[in-house]
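FYI, side chains are in, hydrogens and waters are out, and symmetry mates aren't considered; it's all heavy atoms of this structure. For this chain, numbers begin at 1 and follow the sequence in order.
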Amino acid sequence: MVDFVLTIGISIAAAASAVIALFPGLAPVRIPLALVLLLVVAGLTWFGHGGRLLFAFMTVAFVVISVAVLVLGFAAPHTHRHVQRLC
């Protein structure tokens, strides 16, 4: 039970930090954001199969998007050009 609670707590904290990294303007509302994410996870867990189905979909989407990012990164890497300043 303790392991489950710690896993959820750490996951919620990481999710809140990831959202704030994406949208830095949300930094002042870090705690309410984490509480909303906790309620979302609790709600999805409460509804059983629907929550599991959504979590499964999100996991598959994560894997597909990760593979796409890796393939696109290797297929068309971003090149850096050195721009010289004229001073």
Side-chain angles (χ1 to χ4, degrees):
M1 182 70 171
V2 172
D3 184 44
F4 178 74
V5 171
L6 286 175
T7 300
I8 295 297
I10 291 169
S11 297
I12 295 297
S17 293
V19 170
I20 290 171
L22 185 60
F23 302 110
L26 294 176
V29 292
R30 178 182 305 264
I31 300 298
L33 177 63
L35 291 174
V36 167
L37 290 171
L38 179 63
L39 289 175
V40 168
V41 170
L44 290 174
T45 304
W46 183 266
F47 291 113
H49 294 297
R52 284 188 214 117
L53 182 64
L54 181 61
F55 280 128
F57 172 75
M58 291 180 352
T59 302
V60 170
F62 173 78
V63 171
V64 169
I65 291 170
S66 297
V67 169
V69 166
L70 288 172
V71 167
L72 290 174
F74 284 118
H78 182 70
T79 58
H80 296 283
R81 292 187 193 181
H82 296 286
V83 178
Q84 294 180 355
R85 291 186 183 180
L86 299 174
C87 296

(message) Suppose we screen for side chain to side chain contact (heavy atoms under 4.5 Å, CB included). Which residues come up paired with T59, at least two apart in sequence or across chains?
(response) none
(message) With clusters defined by side-chain heavy atoms of hydrophobic residues (ILVMFWY) lying less than 4.5 Å apart, directly or transitively, does L37 cluster with V29?
(response) yes
Identify each donor-acceptor pair in which a side-chain atom of residues 11-26 lies under 3.5 Å from a protein atom, sequence neighbours left out, and give them as a table.
unit_1	atom_1	unit_2	atom_2	d
S11	OG	T7	O	2.8
S17	OG	A13	O	3.1

(message) Taking transitive links into account, so neighbours of neighbours count too, which hydrophobic residues share a cluster with L35 at under 4.5 Å side-chain distance?
(response) I31
